[in-house]
Amino acid sequence: MTYPIEKIRADFPILNEKIRNKPLVYLDNAASCQKPQVVIDSLVNLYSHDYANVHRGVHTLSVRSTDLFEAAREKVKSFINAKSEKEIIFVRGATDAVNLVAQTYGKANIHAGDEIIITAMEHHSNIVPWQMLCEEKGAILKVAPMNLAGELLMPEFEALLNAKTKLVSIVHMSNALGTINPVEKIIELAHAQNIPVLLDGAQAIPHMVVDVQALDCDFYVFSGHKLYAPTGVGVLYGKQALLEAMPPYQGGGDMIRTVTFEKSTYAGLPHKFEAGTPSIAEVIGLGAAIGYLNSIGMEAIAAHEAELLAYATEQALKIDGLKIIGEAKEKGGILSFTLHRIHPHDIGTMLDSLGIAIRAGHHCAMPVMDFYKVPATARASFAMYNTKAEIDVLMSGIRNLIEMFG
Amino acid sequence: MFEDLRDLYQEVIFDHNRNPRNFHVMENYDRMVEGFNPLCGDRLTLFLKLDGETITDASFQGSGCAISTASVSLMTEIIKGKTQAEAEELFHTFHKITTGKSEELQLEAVGKLAVLAGVREFPARVKCATLAWHTLDAALKNEQQSISTE
């Protein structure tokens, strides 16, 4: 079956926008994806017809909202093939999920002298929460190195695993480089020493089939807004036994069974980790986004994006002075690059004047920039609705701005 | 192509970006301050030589975009020979022309720096132009630590 690109593009109303009188070419998907009409409609319909607080009232609207909310949890469960809805915790985003694990699992299980392993290509959100925990506990953060292509050095990673290692927390797909890490092997090696593994799936989840049972990861975290859903919602997947043994995160309403001034008892999973009124509409929007992705199929999306990346890479390599940052063999739809003597910020402004949205900066991965000895990179990142024609517009823009800079 | 950018990227800016003036480490400086824009990674080190109230020499090192490089390059040219009070006054005027808060643009008061007034139309780039001047401000106030635009 051919990939229904025209239908998909028609499903995203923002793609009709003109930016500076030119058709929008949106290539900043690794920062956040645009939303299909069904997701936008899910918010409008909820607030127009079904909205009330969840898990509270006996009245009709509360029941409707609760049903829609819990149906979204079921969709997430199926989407990542978790065993149970109890393993799906709604949080604010991937960052919130990592912090949740650090502040609950981490605080309970990681002590002075223990070690946590991350990699050289982590986003700040998978560095800083562990640094904060290590500082508090006197634990040690170990960083598995990578090569210049942006690939994790597996022997060095394996050598870091030891009896003091209490957690491996690793990015599934790098936002700055596009590298897809060999997570199956990483998990196998860690599990051989009974070390749990957290995967930061913020970039991976929109681009590939993720099956948490097949991976056998212990935690998997991602954000909704990078998965064509609204901002303010994300998911922490955790194996049920781990989640049950973990202390609660925040205290408040919804996460308790009983409260007296002397003592409170906590709700069961997943509500134990969902204190306060959640992002109701955004969670329901996430459910709508997953429904939309399923209607196209993640395999088809992954194949389309792999084609875009191969084409973009081939075209980019023809441009003199363009250097691709991140050339891993296993790579998702991210083209990070620098141009000789032209700062990424200037590239970003110039491309914007042509209607092209890319990211210029350190991509919340300053250690990656330090590794490549660049202050920043320009990054084009692809999504299900991008086309080769848009990549042509990007490449022509790059050639023209090089000429302008002289 | 790039018609919308003519006000932002004037030839003077390309010139200073290609050949930044006073781009060297200063020996025997009186003031040295680092400026950093964590949003984009622009980093510069400003050196000043003072004779009483007068700035007798200025130089810089660092890497940044064309706007920030041109801004600091132009700044080091224009502040040489100015008193500290005059430089501060220029900073305030420059700030006004780049953030567009002034009712009447005092472009003539800033001389060559007027080429940077175009950033007013590009809010995301204002800090690129003002980083140099915030760093100068810190240097004149003799604040030793690094300064940041955030």
Side-chain angles (χ1 to χ4, degrees), chain A residues 18-22 25 28 31 124 128 176 321 325 336 338-379 393-406, chain B residues 1-20 23 34-45 60-73 98 115-132 146 148-150:
Chain A
K18 293 272 189 291
I19 304 294
R20 297 177 182 269
N21 292 319
K22 312 218 174 44
V25 174
D28 192 20
H124 295 163
V128 184
I325 305 287
S336 230
T338 57
L339 296 180
H340 182 59
R341 296 192 63 180
I342 306 178
H343 192 279
H345 248 199
D346 296 317
I347 301 171
T349 297
M350 296 214 148
L351 292 178
D352 178 63
S353 80
L354 306 175
I356 306 165
I358 61 148
R359 171 80 190 267
H362 54 60
H363 318 294
C364 294
M366 286 186 187
V368 175
M369 302 298 112
D370 291 343
F371 178 75
Y372 286 99
K373 299 190 171 54
V374 293
T377 74
R379 180 187 68 188
V393 174
L394 169 69
M395 297 300 162
S396 140
I398 293 173
R399 285 176 197 282
N400 279 293
L401 76 88
I402 289 173
E403 197 174 306
M404 186 169 175
F405 260 76
Chain B
M1 208 169 262
F2 303 117
E3 299 83 11
D4 297 353
L5 296 181
R6 240 178 278 147
D7 280 352
L8 183 62
Y9 289 98
Q10 300 193 30
E11 193 44 46
V12 178
I13 288 177
F14 282 129
D15 175 37
H16 278 261
N17 182 51
R18 275 184 221 117
N19 308 297
F23 186 68
E34 273 186 20
F36 180 49
N37 181 347
L39 279 186
C40 61
D42 281 4
R43 209 177 267 282
L44 67 90
T45 308
F60 77 103
Q61 284 279 278
S63 72
C65 63
I67 308 296
S68 97
T69 303
S71 179
V72 64
S73 173
T98 51
V115 297
L116 287 158
V119 298
R120 274 166 34 255
E121 305 300 325
F122 297 85
R125 303 303 300 276
V126 169
K127 281 174 182 163
C128 309
T130 54
L131 174 63
S146 297
S148 160
T149 53
E150 293 308 303

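Worth saying up front: this structure is predicted, and the values here are computed from it rather than measured. Below, chains carry the letters A, B, ... as their sequence lines are ordered, and counting in each starts from 1.
Here the CD1-CD1 distance, from A/Ile347 to A/Ile358, works out to 6.5 Å after rounding to the nearest 0.5 Å. Between B/Asp42 atom CG and B/Lys127 atom NZ the span is 12.0 Å, to the nearest 0.5 Å.
With a 4.5 angstrom heavy-atom cutoff, B/Arg43 does not touch chain A via any of its atoms. Both the backbone and the side chain of A/Leu401 come within contact range of chain B, judged by heavy atoms closer than 4.5 Å. Residue B/Phe2 touches chain A through both its backbone and its side chain, counting heavy-atom pairs closer than 4.5 Å. With a threshold of 4.5 angstrom between heavy atoms, A/Met366 approaches chain B through side-chain atoms but not through N, CA, C or O.
Inter-residue side-chain proximity for B/Ile13 and B/Leu116 is flagged as met; some heavy-atom pair is nearer than 4.5 Å. When side chains are defined from C-beta on, B/Phe60 counts as touching B/Pro20, because their heavy atoms get closer than 4.5 Å. A/Leu394 has its side chain within reach of A/Leu351: a pair of non-hydrogen atoms, C-beta onward, lies under 4.5 Å apart.
Along residues 63-70 of chain B, the residues that come nearer than 4.5 angstrom to chain A, judged on non-hydrogen atoms, are B/Ser63, B/Gly64, B/Cys65, B/Ala66, B/Ile67 in order of number. Heavy-atom neighbours of chain B within the stretch residues 370-379 of chain A, taken at a separation under 4.5 angstrom, comprise A/Pro375, A/Ala376.
Listed here is the closest heavy atom pair of A/Ala176 and A/His363: CB-CB, 4.2 Å. Closest approach of A/Gly397 and A/Leu354 over heavy atoms only: CA-CD1, 3.6 Å. B/Arg125 and A/Asp346 get closest at one heavy-atom pair: NH2-OD1, 2.9 Å.
Using bins of under 30°, 30° to 60° and over 60° for the plane-to-plane angle, the ring pair A/Phe405/B/Phe14 lands in the perpendicular bin.
Counting non-hydrogen atoms of neighbouring residues, nucleotides and ligands closer than 6.0 angstrom, the CD atom of B/Glu11 exceeds 12 such neighbours. Counting heavy-atom neighbours within 6.0 Å of B/Arg18 CZ, excluding the residue itself, gives a total above 12.
Top candidate by heavy-atom pairs under 4.5 Å with chain B, chosen from A/Gly361, A/Ser353, A/Ala360, is A/Ser353.
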Side chain to side chain donor-acceptor pair (under 3.5 Å) between B/Asn17 and A/His343: does it pass, once the steps are laid out? CA-CA 10 Å; B/Asn17 182 51; A/His343 192 279; over 6 Å; no
